[in-house]
Amino acid sequence: MDDSTIDAARALGDPLRRRLYNYVADSGDEVGRGEAAEALGIQRTLAAHHLDRLAEAGLLEVVRRKVSGREGPGSGRPAKLYRRSAHEVSIQLPPRDYELAARVLAEAVERHGAEESLHAAAREEGRRIGAATEAGSVLELLRARGYEPEADPEGEAGGSGFRLRNCPFHRLARDFPPLACGLNLELVRGMLAARAQARGEEAAEARLAPEAGRCCVVISKNNDS
């Protein structure tokens, strides 16, 4: 565990700072100091202080751009905006290296052509998760697993579905894209099937639609979401 990880954990130890981080992360976009302050009901200067501390810890990135939509003289100075950093923080005591285990297993699956078995196992695990969870809806279930679903009214989900902003297996997907995307798809399909079966409904449709910076899966809504 290096110093940057400790700094990030310390930064999130403050409850208000943690709320600000969650607000920026949940927005899925760039957030200004005034917007964050209003959302949390605090003073702008206080929000600015804590947002800057989160940026110093590597949890947020700072972007400067004009938000007025105007350019040239009189258009104002660029605003200081914040967005979630791609920096990952993981604290494990005693030390563990599950990522290395995942990489070795992924290499073995690809080397021996065992993708079909992996997909079957992922579907079964998805069904187990979907049946065991107490989440009230598909959206809540996916949020609990870290997928960060968001509405996608005009995109790949067909105008009535949602995309998944976060891939819980980001590093694996970066190094083994087909393998990780297939695993994600079947895991989600299993969860959707289990939730639908428990409610006597038709399962929402999950399919692949890869896009940079997001999970590769999109979902067409049913009335459970």
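As the structure is a prediction and not an experimental result, all values here were calculated from the model.
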Partners passing side chain to side chain donor-acceptor pair (under 3.5 Å) against Arg128 (at least two apart in sequence or in another chain): Glu125
Is a side-chain N or O of Glu140 found less than 3.5 angstrom from the main chain of Ser137, in a donor-acceptor match? yes
Run the salt-bridge test on Glu211 and Arg163 with the 4.0 Å N-O cut-off and return the result as yes or no. yes
Answer yes or no: is there a side-chain heavy-atom contact under 4.5 Å between Phe162 and Leu142? yes
For Leu100, which fellow cluster members are found when Ile, Leu, Val, Met, Phe, Trp and Tyr are connected by side-chain heavy-atom distances below 4.5 angstrom, either directly or through intermediates? Val104
Are the side chains of Leu81 and Val62 in touch, meaning some heavy atoms are under 4.5 Å apart? no
Heavy atoms from other residues, nucleotides or ligands near CD of Gln197 exceed 12 (cutoff 6.0 Å): no
What pairs with Glu148 under side chain to side chain contact (heavy atoms under 4.5 Å, CB included), at least two apart in sequence or on another chain? Arg84, Arg165, Asn166
So which heavy atom on Arg44 is nearest to which on Gly34, and how close? NE-N, 3.8 Å
My understanding is that only residues two or more places apart in sequence, or in another chain, count here; which of them pass side chain to side chain contact (heavy atoms under 4.5 Å, CB included) with Ala48? Arg33
Taking only Lys NZ, Arg NE, NH1 and NH2, and the carboxylate oxygens of Asp or Glu, determine whether Arg53 and Asp14 approach each other closer than 4.0 Å. no
Report the residues that fulfil side chain to side chain contact (heavy atoms under 4.5 Å, CB included) with Val24, sequence neighbours left out, ordered by chain and then residue number. Val31, Leu51, Leu60
Leu105 vs Leu118 side-chain heavy atoms within contact, under 4.5 Å: no
With sequence neighbours excluded, residues passing side chain to side chain contact (heavy atoms under 4.5 Å, CB included) with Glu205: Arg207, Ser220
Taking all non-hydrogen atoms of both residues, which atom of Leu20 and which atom of Ala47 are closest, and how far apart? CD1-O, 4.1 Å
Neighbour count >12 (heavy atoms, 6.0 Å) for atom CZ, Arg214: yes
Look up atom CG in Leu40 and atom NE2 in His50, then write down how far apart they are to the nearest 0.5 Å. 10.0 Å
For Val109 and Glu115, work out which heavy atoms get closest and say how close. CG1-N, 3.8 Å
For the residue pair Arg195 and Gly130, what are the closest heavy atoms and their distance? CD-O, 3.2 Å
Minimal non-hydrogen separation, Val217 against Leu208, with atom names: CG2-CD2, 4.2 Å
Quick check: closest heavy atoms across Pro168 and Asn184, and the distance to 0.1 Å? CD-OD1, 4.4 Å
Name all residues meeting the side chain to side chain donor-acceptor pair (under 3.5 Å) criterion together with Glu186; count only those two or more places apart in sequence or in a different chain, and write none if there are none. Arg123, Arg189
Counting only pairs under 3.5 Å, give me each side-chain donor-acceptor contact of residues 171-183, with atom names and distances, residues two or more places apart or in other chains.
{"unit_1": "Arg171", "atom_1": "NE", "unit_2": "Glu88", "atom_2": "OE1", "d": "3.1"}
{"unit_1": "Arg171", "atom_1": "NH1", "unit_2": "Glu99", "atom_2": "OE1", "d": "2.8"}
{"unit_1": "Asp175", "atom_1": "OD2", "unit_2": "Arg103", "atom_2": "NH1", "d": "2.4"}

Please step through side-chain contact (heavy atoms from CB on, under 4.5 Å) for the pair Leu12 and Val89, ending with a clear verdict. CA-CA 11 Å; Leu12 290 174; Val89 177; over 6 Å; no
Test side chain to side chain donor-acceptor pair (under 3.5 Å) applied to Glu61 - qualifying residues, sequence neighbours left out: Arg83
Sequence neighbours excluded - side-chain hydrogen bond (donor to acceptor under 3.5 Å, both in side chains) pairs with any residue from residues 18-29: Tyr23-Glu35
Are the side chains of Asp52 and Lys80 in contact, using a 4.5 Å heavy-atom criterion? yes
Report yes if some heavy atom in the side chain of Ser85 is under 4.5 Å from a heavy atom in the side chain of Leu59; otherwise report no. no
Starting at CD1 of Ile42, measure out to NE2 of His49 and round the result to the nearest 0.5 Å. 10.5 Å
Can you sort out the partners of Arg127 under side chain to side chain donor-acceptor pair (under 3.5 Å), two or more places apart, ordered by chain and number? none
